[in-house]
Amino acid sequence: MSKSKKFWDGASKNYDKTEERFEYIHNKSRKNTKKYLEKSNVVLDYGCGTGTVSCEIADYVKEIHAIDISSKMIEIATEKAVERKIENVTFSQTDIFDEQLKKESFHRILAFNMLHTIPDPKVVVQRIDELLKPNGLFISVTPCLGGKLSFLVGLQIRLVQILCKIGVIPVPIRRLKSSDLDNLITNGNFQTVDSEKIYKGASSYFIVVKKK
């Protein structure tokens with residue numbers, strides 16, 4: 001088991017509770033996302049966590065393939081879908097480089113709260129480009145830990161960075177700004193469709209880009 005998988009497995013039990021304080025940002029991001037979904041869409045939810053986003057948007061699209069490296073997150077997500085009788089979402093424990101994910105298979109790819117925690121975001125964005133159909137949309141929201149933060153959140157982020165440095169948290173936590181995300185995403189084969197800076201105690205950047 002990789003250190004990252006083990007970490008996210010351990011975080012899964014309390015994950016939804018820890019995210020409650022940022023519910024305004026999450027709700028706003030999901031509301032924004034729904035504007036760019038169509039009933040015919042096949043969607044990839046990359047880093048789906050406990051499945052909150054996939055379950056909420058399921059009625060707006062044809063089908064969703066939701067993936068996460070944490071088997072424990074996937075277990076919780078699957079339970080949510082069963083409880084809500086959602087039948088068009090498939091949850092799988094895997095990563096975005098799984099060869100079973102075929103090129104140009106998806107109309108929409110979502111990456112919520114992911115890009116600041118992965119080892120090589122540039123390679124991931126290139127992979128997203130491969131998996132999207134022509135004119136498909138990549139929709140992401142990312143905490144901008146290098147942007148505006150409340151005093152309390154700023155203290156918590158500094159603690160997290162210390163824990164990352166000493167290896168207690170085995171995933172990279174980058175202090176990105178919205179400009180960093182613009183450069184990361186739009187320098188590839190994408191053009192910006194929409195973007196919004198969302199703040200409530202912490203800053204997040206919502207962006208929608210279209211594959212050229």
Side-chain angles (χ1 to χ4, degrees), residues 4 7-8 10-37 43-61 64 66 68 70 73 76-77 80 84 89 108-118 121 124-125 128 137-164 168-169 171-186 190 192-209:
S4 293
F7 172 78
W8 291 118
S12 63
K13 186 176 181 180
N14 296 312
Y15 184 78
D16 286 348
K17 188 169 184 60
T18 60
E19 290 298 305
E20 285 177 358
R21 58 187 167 153
F22 301 120
E23 192 57 31
Y24 172 83
I25 293 173
H26 298 327
N27 277 333
K28 179 69 171 172
S29 300
R30 293 192 292 265
K31 183 178 179 181
N32 287 354
T33 297
K34 290 173 184 176
K35 296 186 293 184
Y36 295 98
L37 302 177
V43 177
L44 177 67
D45 184 0
Y46 165 51
C48 66
T50 59
T52 301
V53 174
S54 283
C55 288
E56 182 162 333
I57 68 170
D59 287 343
Y60 291 78
V61 300
I64 302 172
D68 200 282
S70 167
M73 293 278 195
I76 295 170
K80 284 183 183 179
R84 301 177 192 184
V89 182
R108 305 287 186 267
I109 296 180
L110 313 181
F112 278 29
N113 306 306
M114 280 292 298
L115 297 179
H116 66 308
T117 66
I118 51 180
V124 167
V125 171
I128 288 169
L137 298 181
F138 172 36
I139 304 172
S140 70
V141 60
T142 307
C144 290
L145 304 180
K148 183 180 178 183
L149 302 171
S150 69
F151 177 74
L152 179 59
V153 173
L155 285 177
Q156 291 169 332
I157 294 305
R158 282 192 281 276
L159 174 60
V160 166
Q161 288 189 306
I162 292 170
L163 295 176
C164 288
V168 174
I169 297 178
V171 295
I173 305 293
R174 294 181 178 82
R175 299 197 68 167
L176 299 175
K177 298 180 179 179
S178 59
S179 57
D180 297 324
L181 291 159
D182 282 329
N183 291 334
L184 170 66
I185 297 170
T186 59
F190 294 105
T192 303
V193 174
D194 189 13
S195 65
E196 181 179 354
K197 296 176 183 178
I198 307 171
Y199 178 80
K200 188 75 171 181
S203 298
S204 281
Y205 190 50
F206 174 86
I207 183 169
V208 181
V209 294

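This one's a predicted model, so the numbers in the text were calculated from it and none came from an experiment.
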For residues [X] and [Y], determine if any side-chain heavy atom of one lies less than 4.5 Å from a side-chain heavy atom of the other.
| X | Y | answer |
| --- | --- | --- |
| H26 | T52 | no |
| N32 | K28 | yes |
| F206 | D194 | yes |
| P143 | N113 | yes |
| T117 | I173 | yes |

[atom1]/[X] to [atom2]/[Y] distance, rounded to the nearest 0.5 angstrom?
| X | Y | atom1 | atom2 | result |
| --- | --- | --- | --- | --- |
| I207 | T142 | CD1 | OG1 | 9.0 Å |
| I169 | I162 | CD1 | CD1 | 10.5 Å |
| C48 | M114 | SG | CE | 9.5 Å |

Given D45 and F112, is the side-chain contact (heavy atoms from CB on, under 4.5 Å) satisfied, shown in steps? CA-CA 8 Å; D45 184 0; F112 278 29; 5.6 Å; no

Specify the closest pair of heavy atoms between [X] and [Y], including all atoms of both residues, with the distance to one decimal.
| X | Y | answer |
| --- | --- | --- |
| L110 | V43 | CG-CG1, 4.0 Å |
| I64 | A58 | CD1-CA, 3.9 Å |
| L115 | P121 | O-CG, 3.7 Å |
| C55 | A77 | SG-O, 4.5 Å |
| M73 | W8 | CE-O, 3.7 Å |
| L181 | C144 | CD1-SG, 3.9 Å |

Check: K197/S203 side-chain N/O donor and acceptor closer than 3.5 Å: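 The criterion, which ignores hydrogens and geometry beyond distance, is not satisfied for S203 and K197.
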
Are the side chain of [X] and the backbone N or O of [Y] linked by a donor-acceptor pair below 3.5 Å?
| X | Y | value |
| --- | --- | --- |
| K80 | T50 | yes |
| R108 | L37 | no |
| N183 | D180 | no |
| R174 | I118 | yes |

Check step by step if side-chain contact (heavy atoms from CB on, under 4.5 Å) holds for I109 and I139. CA-CA 6 Å; I109 296 180; I139 304 172; over 6 Å; no

Charged N to carboxylate O under 4.0 angstrom, R30 versus E23? yes

Parallel, tilted or perpendicular: which describes the rings of F190 and F138, with under 30° parallel and over 60° perpendicular?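 Rings of F190 and F138: tilted, as their planes differ by 30° to 60°.
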
Give a yes or no on this: more than 12 heavy atoms of other residues, nucleotides or ligands lie within 6.0 Å of atom NZ of K35.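 Enclosed: over 12 neighbouring heavy atoms sit under 6.0 Å from NZ of K35.
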
Y60 atom OH, neighbour heavy-atom count above 12 within 6.0 Å: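 Counting neighbours around OH of Y60, 12 or fewer heavy atoms of other residues, nucleotides or ligands fall under 6.0 Å, so no.
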
